[in-house]
Amino acid sequence: AVDDRKLVNKVLQNNKLEIVRLKRELGSVLRPILGNADGYYSLDLSQPMDRVCLDRLLEVSSTTAHLRSSKSKLGYGGVGDCSQKGNWSCFRNEWFNGKPITVSSEFLSPMPKSGKLEFDFLSERRCGKDDFVLSDLRVVTTLIGLFQLPSKERTDALSRLEQTKKQCDGTLNGDAKTVYERPMDVAKEVGMFMEEFYANLHCRAEQLERNRLNEAVKVTLKIDEKLDSLTAKYGKVYVLNRRNAHKFLKVQSLSTVVNLTEMHREKLMRMNRGVRAAVVNPKPANAVQDSGVPTAMKLRNASSSQDDFGVNTADEILIIEEAVQEGALNMKSSLLFDDNLDEQQGVDSPITEHDMDWLQQQDEPQEEPTGSTKGMGDELVGQQLADSKPLDEWMLRYVRLLASPNVPPNARAAKVLDVLVEAFEHSFIMCRHLELMCDLFQELGVTLTSEFFGTYRVELVVTLFGCLVDLHNLEIVLRALTAFETACVLCRVGWLHVYNPMKPQGAYELDLSRHEERQVLKTLTILATHEPGDSLQDMSFRWERNMPPMPGFELTVPWMTEEGLPRNGLFNAYFYAGEGKGLKGCRPVIKWRKSLMQMVLIDEEEVCEESCRDQPDTQRPEPVGEAFMLANIALWYGYLAYNAVEYKLYLEAKAAKEKKNRRGRRK
């Protein structure tokens with residue numbers, strides 16, 4: 001993948017606009033080729049490139065399964081399966097032609113010649129010992145360069161990351177100290193949203209396709225050197241609607257411009273007050289308006305051209321920029337937004353005395369806008385661009401889109417997501433870095449991409465999941481998300497990729513009809529029975545969500561066996577471990593916790609301070625989890641990593657050994 005990225009960058013001379021065109025031409029196949037295959041796919045198997053993409057993903061899945069199976073200390077494929085269905089697959093939530101399936105080599109031998117296949121994919125990519133991890137300073141500097149963080153808040157951001165790092169380092173020993181524990185009410189909400197996610201997978205493609213129409217809206221971003229210099233100087237694109245625009249243009253002795261079309265998007269004459277104008281497509285005559293939603297967000301089946309940034313043109317928008325000319329109108333203010341203008345006035349309405357007075361007021365000096373960590377609009381962009389280096393064409397387009405108030409949230413959030421992913425998807429970062437991105441991306445990132453399947457922040461977490469080095473600290477990312485977003489991440493990434501047996505504290509709602517949630521429950525029951533104190537508190541069980549909990553429910557011996565553990569039902573509990581102080585008689589047993597890490601994606605050797613990553617293996621503590629697992633192998637074969645054949649062979653060997661020992665004692 002590294003060589004492929006180098007080839008693409010060399011051929012395209014690292015031109016991001018050309019890379020965008022390449023992505024548009026190749027579609028989904030480029031993602032696994034360039035090394036970050038994680039995310040959602042919707043493939044048309046009648047298309048050659050989509051078939052190539054599926055072949056590549058199946059290769060990645062098979063390779064990942066083989067590598068993880070080979071690491072198992074219980075024999076090949078004995079333990080370490082983190083898949084959704086217990087089949088070692090990287091594919092999740094697969095649907096083919098509207099029906100649930102399991103993507104496997106058998107299903108694709110031969111590959112269907114047509115049909116729509118959609119799924120989530122998680123490659124389980126992990127950071128190697130020699131891989132470069134971005135520092136706090138580099139991440140913050142990058143976010144400032146992407147206009148997600150005001151430059152004046154650099155020090156505060158670095159201090160916050162350092163504080164979070166110290167908090168996370170204090171939880172590495174598995175001694176019941178945590179940074180965040182999910183409350184019970186949030187856990188129940190997460191369980192409810194997960195149920196809705198799985199129940200509505202049949203309509204996922206339709207909802208996401210509808211949202212893509214909302215993303216395909218923007219102002220025209222034609223490159224002009226003088227306008228670019230103004231953008232770099234003031235960091236603002238001034239967007240106005242026709243109702244206000246025509247009056248200002250009449251003052252400048254311009255003829256009406258509201259009927260100009262795509263073919264007429266040329267530079268207009270420089271006006272006598274030094275204002276340059278450019279015109280964007282008017283609304284198509286056949287566009288359908290949806291009540292309560294801006295027209296530009298719901299243009300369906302309307303012909304519109306795409307530019308190099310990958311989005312379409314909007315309607316009724318004019319962009320006004322200040323010309324490089326002394327005495328021009330002060331454009332730092334929101335020019336031409338007159339709240340007192342009568343909405344009923346038409347295009348040919350006369351210029352009133354009030355309008356003239358208002359225009360004259362625009363020449364007066366205006367205060368510089370102040371930036372905001374949460375907002376990613378024109379104020380933050382303007383603040384950052386004043387002292388920044390000249391921007392290339394790609395970034396100028398991005399800045400203009402951020403600065404435009406007429407670009408709807410879906411379109412803006414999608415572009416910010418693309419830029420963040422482009423900046424970090426081929427690097428390795430820490431969980432605190434992703435948490436910071438989620439916080440900065442909150443205002444736009446919580447915009448829904450669909451009704452049941454997530455937000456743009458969910459897309460960010462899922463796409464960058466393989467870039468995370470310290471998965472054992474993922475709870476700090478989940479605490480930045482809402483219950484709905486957490487549920488979507490768990491459904492798309494999977495419990496066994498997120499769950500950390502070293503820090504199991506918090507509330508759970510687990511559906512026992514799902515393989516991975518059954519596995520999590522098994523680890524909780526083992527810890528509850530082998531660690532002192534009453535660890536599982538506020539337990540309840542019900543067969544269906546709309547049923548009341550079973551009265552007086554308690555864990556019984558049958559729940560500690562594969563046959564006795566129910567195959568369906570909802571289990572709720574709060575796992576308590578004494579808060580690191582031995583409260584209520586609860587204390588963790590570290591060996592058991594480390595042994596249970598064989599069942600999840602997190603590796604025991606990864607749970608260490610960042611400074612230890614550079615140490616040679618001889619200076620690192622010896623792992624104890626595998627040895628402790630082998631010392632209790634019967635519990636693994638018979639329950640945790642249930643294998644009927646191996647368990648039977650183990651029992652037979654154990655019986656034969658005991659029989660031999662009895663004979664020896666008799667002699």
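For this chain, numbers begin at 1 and follow the sequence in order. As the structure is a computational prediction, the values presented were derived from the model and not from experiment.
Here the CG atom belonging to L481 is positioned 5.0 Å from the OG1 atom belonging to T486, to the nearest 0.5 angstrom. Between C82 atom SG and R68 atom CZ the span is 4.0 Å, to the nearest 0.5 Å. Separating the CG atom in D50 from the CG atom in L117 is a distance of 9.5 Å, to the nearest 0.5 Å. Interatomic distance, CG of N410 versus CG of L444, reported as 9.5 Å (0.5 Å rounding).
The shortest distance between side-chain heavy atoms of W495 and M194 falls below 4.5 Å. Taking 4.5 Å as the limit, every side-chain heavy atom of L527 sits out of range of all side-chain heavy atoms of S535. Side-chain contact between M629 and L596: absent, with no pair of heavy atoms (C-beta onward) separated by less than 4.5 Å. When side chains are defined from C-beta on, L630 counts as touching L74, because their heavy atoms get closer than 4.5 Å. Between P504 and N500, the closest side-chain pair of non-hydrogen atoms is not below 4.5 Å. Inter-residue side-chain proximity for K99 and H202 is flagged as unmet; no heavy-atom pair is nearer than 4.5 Å. The closest side-chain heavy-atom distance from F91 to S61 is below 4.5 Å.
By the 6.0 Å and 45° rule, R518 does not stack over the aromatic ring of F571.
For the residue pair E485/T455, the side-chain donor-acceptor check at 3.5 Å is satisfied. Between the side chains of E509 and N572, at least one donor-acceptor pair of N or O atoms lies under 3.5 Å. Y456 and N211 form a side-chain donor-acceptor contact under 3.5 Å, judged by distance and modelled atom types alone. Between N87 and S89, the side chains place no donor N or O within less than 3.5 Å of an acceptor N or O (distance only, hydrogens not considered). Using modelled atom types and a 3.5 Å distance limit, the side chains of K85 and T102 yield a donor-acceptor pair.
Salt bridge present: E209 and R212 bring a charged side-chain N and a carboxylate O closer than 4.0 Å. Ion pair R412/E443 not flagged as a salt bridge, since none of the NZ, NE, NH1 or NH2 atoms sits closer than 4.0 Å to an Asp/Glu carboxylate oxygen. With salt bridges taken as basic N to acidic carboxylate O contacts below 4.0 Å, none links K594 and E626. Taking the charged nitrogens against the carboxylate oxygens, K503 and E181 have no contact shorter than 4.0 Å, which rules out a salt bridge. Note on R479 versus E475: no salt bridge recorded, every NZ/NE/NH1/NH2 to OD/OE distance being 4.0 Å or above. Using a 4.0 Å cut-off between a side-chain N of Lys or Arg and a carboxylate O of Asp or Glu, D185 and K188 do not qualify as a salt bridge. Ion pairing between D120 and R204 holds under the 4.0 Å rule for side-chain N and carboxylate O. At a threshold of 4.0 Å, the pair E516-R92 counts as salt-bridged, since one of the basic side-chain nitrogens sits closer than that to a carboxylate oxygen.
You'll find the ring centres of F119 and W95 outside the 6.0 Å limit. Proximity of the aromatic rings of F197 and F452 is defined here by a centroid distance below 6.0 angstrom, and this criterion is not met.
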Determine, stepwise, if the pair Q84 / L496 fulfils side chain to side chain contact (heavy atoms under 4.5 Å, CB included).
-> CA-CA 8 Å; Q84 183 181 32; L496 297 178; over 6 Å; no
Can you list the steps and then say if E606 with R126 is a side chain to side chain contact (heavy atoms under 4.5 Å, CB included)?
-> CA-CA 10 Å; E606 297 176 1; R126 304 300 302 128; 3.0 Å; yes
Dump the intermediate steps for ring-ring contact (aromatic ring centres under 6.0 Å, His included) on F628 and W636, then the final yes or no.
-> CA-CA 11 Å; F628 197 76; W636 287 81; 9.5 Å; no
Could you give me the CA-CA distance, side-chain angles and deciding distance for H497 and E124, then say whether side-chain hydrogen bond (donor to acceptor under 3.5 Å, both in side chains) is met?
-> CA-CA 8 Å; H497 295 110; E124 299 185 358; 2.8 Å; yes
Applying side chain to side chain contact (heavy atoms under 4.5 Å, CB included), run through F453 and F484 and close with a yes or a no.
-> CA-CA 9 Å; F453 308 111; F484 171 69; over 6 Å; no
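No donor-acceptor pair under 3.5 Å is formed between the side chain of S109 and the backbone N or O of E106. The backbone N or O of C438 sits less than 3.5 Å from a side-chain atom of R457, completing a donor-acceptor pair. Counting only distance, with no hydrogens or angles, the side chain of S72 and the backbone of S69 share no donor-acceptor pair below 3.5 Å. Of the possible polar contacts, one joining the N93 side chain to the C491 backbone as a donor-acceptor pair under 3.5 Å is found. The closest donor-acceptor contact from the side chain of R545 to the backbone of G191 lies under 3.5 Å. A donor-acceptor distance shorter than 3.5 angstrom exists from the side chain of R31 to the backbone of D38, with no hydrogens or angles considered. At least one donor-acceptor pair closer than 3.5 Å links the side chain of S83 to the backbone N or O of W88.
Every residue meeting the ring-ring contact (aromatic ring centres under 6.0 Å, His included) condition with F96, not counting sequence neighbours, appears here in chain and number order: F107. Here Y639 pairs with nothing under the ring-ring contact (aromatic ring centres under 6.0 Å, His included) rule; sequence neighbours left out. Among residues two or more places apart in sequence or in another chain, the ring-ring contact (aromatic ring centres under 6.0 Å, His included) test is passed with Y642 by none.
Counted within 6.0 Å of CD on E563, heavy atoms from surrounding residues, nucleotides or ligands total more than 12; the atom is thus considered enclosed.
Note on ring orientation: taking the six-membered ring where Trp is involved, the planes of Y41 and F121 are perpendicular (angle over 60°, cut-offs 30° and 60°).
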